[in-house]
Every structure is written in structure tokens, then in C-alpha cells.
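One structure below.
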Amino acid sequence: MNYYIGIDLGTSSLKGILADVNGNILRQCSADYEVRYPKNGWTEQNPSDWIAALKKVLKTLTRDCSHSVKGLSFGGQMHGLVVLDGSGEVIRPCILWNDGRTEKQMEYLNAEVGKEKLSGLTGNIAFAGFTAPKLLWLYENEPDNFARIAKIMLPKDYLAYVLTGEFATDYSDASGTLLLDVKNKRWSQEMLKICRVSENQLPELYDSFSVIGNLKREFADELGLTSDVKVIIGAGDNAAAAIGTGTVKNGDCNVSLGTSGTIFISRDGFSVDGANALHSFAHANGKWHLMGCILSAASCRKWWLEDILANADYQQDETAARNADCCGVIFLPYLSGERSPHNDVNAKGAFIGLSATTSRADMSRAVMEGVAFALRDCLEVARQNGVVVQSTNLCGGGAKSEAWRQICADVFGIPVNILTTEQGPAFGAAILAMVGCGEYPDVLSATEKIVKVKHTVYPQADSVERYEEKYLKFKELYPLLKRLY
């Protein structure tokens with residue numbers, strides 16, 4: 001039987017799975033690496049750490065079955081700026097998606113170039129994490145490095161480049177650069193001029209299921225693979241996760257509770273919400289999607305348990321939070337600023353409504369509720385623009401929490417589907433590899449065969465009513481506190 005590899009290049013680790021053509025996961029593993037914080041609000045990684053992790057994961061996945069591997073693909077953290085010189089060497093560490101240094105450049109793009117013009121050129125306005133503001137920052141602050149740029153890459157595309165020597169990206173990941181005309185799926189010449197780069201510095205554009213090449217001989221030999229293994233370009237992590245959850249038909253929705261949180265709505269046609277509060281991006285199935293992204297989701301719970309309480313017993317906390325009633329306690333999850341819908345790098349987290357009777361369990365539950373409320377902010381933007389969402393899939397590390405699943409169902413007021421696999425981007429990448437290698441004629445056919453719902457969590461009427469009242473209070477807090485920051 002043929003086997004396929006899906007790689008998820010995440011923020012804290014690289015995860016990989018080995019799957020057969022029926023979607024059965026035969027092996028999985030991961031390798032960690034560090035995030036560097038050169039200054040407050042800055043986040044960077046060394047791309048060489050990704051390559052070391054990739055080699056480690058691939059060797060583990062392909063042990064004893066290397067000749068059965070036919071293709072591999074990627075889901076990757078979006079927006080990161082990887083720049084190479086004329087010799088193909090990395091010029092500086094990658095500036096990550098959650099880096100906040102580009103507030104000045106973001107404001108220039110939105111105010112001076114103008115949100116209306118940006119939306120017309122790309123379908124989106126500038127957010128601090130996008131790639132274009134990072135290029136402007138590099139031009140202004142590291143002009144010597146900027147002058148050396150021969151190739152501009154996104155994180156997963158650097159992995160593909162090392163494996164194949166091909167300079168490529170896909171439409172879904174390119175959508176998050178603010179350099180792509182998303183509607184027409186081509187680089188925006190006007191945006192390239194604004195960012196002082198040329199098209200020959202940018203990769204060739206492909207559909208996410210496209211084969212871009214085979215493994216280089218030296219890399220195949222090092223890993224014990226054959227050089228006829230096909231490399232499929234893959235997708236940005238959220239689009240890849242949507243493939244992995246079968247979120248491909250018009251109106252399908254997926255919510256991810258990862259380090260960041262996203263709400264992803266598949267669309268057959270291109271559309272933009274009136275305020276550009278949601279991202280309008282290309283989808284990995286060849287169509288489009290709307291997406292809201294909050295910068296802190298499962299990371300809020302990690303911060304609360306590990307950094308504040310210094311107790312990483314998630315199961316104990318889960319049990320206590322499931323039975324807690326946090327009453328008036330509300331948590332704002334803006335620990336790294338916020339993207340959708342506020343677009344505010346200076347937004348801050350907060351607990352509101354504490355009293356002498358507030359317990360740890362109350363606060364733990366409030367953290368989970370606050371993340372769900374922030375995601376609902378994004379859902380409401382879609383609803384206000386006529387998008388009807390009947391149910392949602394749920395993936396990411398936070399989706400393992402039964403309490404959080406029920407909170408999401410109650411806060412959103414719709415059923416939440418839990419799938420048989422929770423691998424998200426890696427599983428979607430493996431499916432894209434299968435499509436690219438011809439095992440399935442298209443993404444829809446593949447997901448209909450492979451992706452299965454394990455069970456569905458339904459909203460509870462009394463909780464829906466209680467959360468509706470609490471959500472209205474949550475919405476009032478950000479505008480009230482914004483002036484303090």
C-alpha cells in the first residue's frame with residue numbers, strides 16, 4: 001500500500017504523520033524547537049531548527065517503510081518572513097506570525113496607503129503579523145539585510161525549497177502576505193511597489209495540491225527515501241487544518257483551538273466583509289475562505305496553568321472547570337494583542353468581575369469561555385455579512401477538552417463536530433499529498449472518503465441563554481479598556 005506524509009510546521013514544534021490512502025494514521029511524531037524573543041513583543045525562529053526537526057521526524061516516520069512513501073506535503077505557520085541571499089543562505093532569523101514589531105508599518109499601510117485601496121488590491125487590510133509590514137520593517141530597520149534579499153519565502157515553503165530546490169508557494173499561504181491579489185490569484189504589482197520588492201524575489205504560485213518536484217537525491221539518501229518521492233506544496237496551517245477536518249464545501253466551518261484560535265468558513269466564491277475584520281484568503285481546495293484569527297487561544301490556558309499557577313495538571317483543572325460556574329468572571333484573552341476583529345497589537349488580557357468568593361476553578365473556566373467569546377466575535381462578523389453557519393468542526397489541542405467543546409457549542413449556539421482524528425494541519429497535508437499523487441481526483445472526493453465525524457456536541461438551551469447575556473457584557477469590555485493601553 002502507498003503511504004503519505006503530512007508535516008505541520010507549528011510555532012513550538014514540527015509534527016508529522018504517516019497515513020495510508022484510506023486516511024489511517026500509521027505513525028506520528030514531533031520535534032520541538034524554541035521561539036526566541038529578542039525584544040518585548042518580538043518573536044523569531046531560526047529556520048535551521050525547522051530543518052533539523054524535519055529530518056528527525058521524517059526518519060522516525062519512514063522507519064522500515066521508506067520505499068512505500070510516495071508523497072509528502074505541508075501545513076505551516078503563516079505570515080513568517082524568511083529571506084535568502086543570492087547563495088540560498090538564510091539572511092536573518094524568521095520573523096514569526098505573532099511578532100508585534102510592525103505596528104508603525106501596519107499603520108502606514110492602513111492609514112497612508114489606505115484600507116480601501118489595500119482591500120481592493122488584496123482583499124485584506126494590513127495586520128501586524130502579515131508579511132508585507134515585516135518587509136517594510138526590514139527595509140527601514142535593517143537596510144543592509146533588505147538589500148541582500150534574493151528570495152522571499154514563507155516558513156513551510158522554506159522546507160519545500162530545502163527538500164526540492166524549487167522556489168514555490170501556494171495560494172492559501174500567499175494570501176497572508178498582503179502581497180497577493182487574492183480574488184485573481186496573482187501577485188499584486190502595486191503592493192510589490194509599495195513594499196519595494198520585485199516579482200522575481202517571490203515564489204511561483206501553485207494550488208495547494210500541486211506537485212512541485214521530487215526529493216533531491218542527497219536529501220533522499222540521507223533519509224533513506226527514494227528520490228521519486230513527490231513533494232506537494234501544501235497550504236497555510238489553517239487551510240490545511242480545514243482540509244483535515246473536511247471543511248471544503250460552501251458554508252462549512254472549522255474552529256481551531258491551537259496556540260492561536262481561528263474560525264474558518266469555506267466559500268465557493270471570493271467575498272470581503274464590509275470592515276475587513278475577517279481575512280479573505282484562498283482555500284487549499286482551489287476556492288476561497290473567510291477566516292477570523294485570535295492570537296491567543298489554547299496558549300491562554302497554558303499561560304494560566306503553567307506560568308501563573310505553576311501546575312500543569314490539565315486533567316485536574318478540566319474536572320474542576322467543568323463543574324464551575326464562574327458567574328460574573330470574564331476573561332479577555334488578548335495576551336499577545338489581537339488580530340480579528342480588533343486589529344490591535346496593544347490589546348491586553350484581563351480578568352473582570354473577581355470577588356472574594358472567586359475560585360481557581362471559576363477563573364479556569366473563564367479562560368476557556370473568554371477564548372470562545374473572542375472566536376464568536378469573528379463568527380458574528382460573518383453572520384452580519386449574510387454567512388449562515390449551521391455547525392462547526394473543532395480541532396487543535398484545545399479540542400481535546402470536553403469542557404471546552406461544550407463551552408464552544410453553547411457560546412456559538414450551534415452543534416460542534418468532533419472528528420476521528422485531531423491531527424489538523426498534518427492530516428490535511430497528508431490528504432493534499434494523496435490528491436497531488438493522484439490517489440483522489442480532487443480534495444472534495446478525498447475528504448468525503450477519509451474524514452469522519454466521531455461525535456457531535458450539541459448546545460444546551462439553558463447555557464446558550466446564559467452565555468448570550470454574558471457575551472453581550474464581554475463585547476463591551478474591549479472598547480472600555482482600550483483607552484488604558
Side-chain angles (χ1 to χ4, degrees), residues 1-10 13-32 50-76 156 159-160 163 208-209 211 214-215 219-235 237 239-248 256 258 284 393 395-397 399-400 418-443 445-455:
M1 181 177 285
N2 295 337
Y3 296 153
Y4 294 90
I5 292 173
I7 297 295
D8 173 16
L9 177 63
S13 66
L14 184 145
K15 306 176 184 69
I17 64 167
L18 180 74
D20 65 23
V21 295
N22 297 313
N24 298 308
I25 297 177
L26 309 174
R27 196 172 287 166
Q28 54 187 300
C29 64
S30 65
D32 296 336
W50 304 335
I51 301 303
L54 177 64
K55 291 180 179 179
K56 179 180 178 181
V57 166
L58 288 177
K59 287 178 180 178
T60 301
L61 291 177
T62 60
R63 186 180 63 250
D64 305 326
C65 63
S66 58
H67 290 283
S68 298
V69 176
K70 301 303 177 184
L72 65 87
S73 188
F74 312 93
K156 78 168 190 339
L159 301 187
L163 289 179
S208 302
F209 43 82
V211 176
N214 290 9
L215 285 183
F219 210 100
D221 290 345
E222 181 180 355
L223 297 172
L225 294 167
T226 62
S227 58
D228 62 353
V229 172
K230 291 181 172 59
V231 177
I232 289 80
I233 190 59
D237 52 3
I243 300 301
T245 59
T247 308
V248 296
S256 175
N393 302 319
C395 71
K400 297 176 183 177
I418 308 303
L419 305 170
T420 54
T421 179
E422 298 173 348
Q423 296 302 318
F427 193 51
I431 293 173
L432 290 171
M434 295 175 202
V435 175
C437 291
E439 296 284 3
Y440 295 93
D442 52 49
V443 170
S445 300
T447 55
E448 287 183 334
K449 172 72 180 297
I450 292 172
V451 180
K452 305 296 181 185
V453 174
K454 182 165 58 177
H455 70 270

Roughly how far, to the nearest 0.5 Å, is the [atom2] atom of [Y] from the [atom1] atom of [X]?
X    : Y    : atom1 : atom2 : answer
K15  : D32  : NZ    : CG    : 8.0 Å
L163 : I7   : CG    : CD1   : 9.0 Å
L159 : I233 : CG    : CD1   : 9.5 Å
D20  : C65  : CG    : SG    : 11.0 Å

Whether the side chain of N22 engages the backbone of N24 through a donor-acceptor N/O pair (distance < 3.5 Å, no angle test) should be reported.
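No.
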Would you find a donor on one side and an acceptor on the other, under 3.5 Å apart, between the side chain of N393 and the backbone of T245?
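Yes; at least one donor-acceptor contact below 3.5 Å.
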Testing the basics here: between [X] and [Y], what is the closest heavy-atom pair and its distance to 0.1 Å?
X    : Y    : value
L419 : G244 : CD1-O, 4.4 Å
A284 : V443 : O-CG2, 4.1 Å
S227 : N214 : O-CB, 3.1 Å
T447 : V248 : OG1-CG2, 3.6 Å
A446 : V435 : CB-CG2, 3.9 Å
L14  : W50  : CD1-O, 4.0 Å

Considering residues at least two apart in sequence or located in another chain, which fulfil the salt bridge (Lys or Arg N to Asp or Glu O under 4.0 Å) criterion with E222?
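Residues passing salt bridge (Lys or Arg N to Asp or Glu O under 4.0 Å) with E222: K55.
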Please tell me if the side chains of L61 and V69 come closer than 4.5 Å, counting only heavy atoms from C-beta onward.
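They are not in contact (no side-chain heavy atoms under 4.5 Å apart), so the answer is no.
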Taking side-chain contact (heavy atoms from CB on, under 4.5 Å) as the criterion, tell me which of I17, T62, V229 meets it with I5.
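Only one of I17, T62, V229 forms a side-chain contact (heavy atoms from CB on, under 4.5 Å) with I5, namely T62.
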Using the test side chain to side chain contact (heavy atoms under 4.5 Å, CB included), find all partners of [X] that sit at least two apart in sequence or belong to another chain.
X    : answer
V211 : K230, I232
T421 : I25, Q423, F427
A429 : S73
S445 : P441, D442

Please list, chain by chain and in numerical order, all residues satisfying side chain to side chain donor-acceptor pair (under 3.5 Å) with S256, sequence neighbours excluded.
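In terms of side chain to side chain donor-acceptor pair (under 3.5 Å), with neighbours along the sequence ignored, S256 is linked to no residue.
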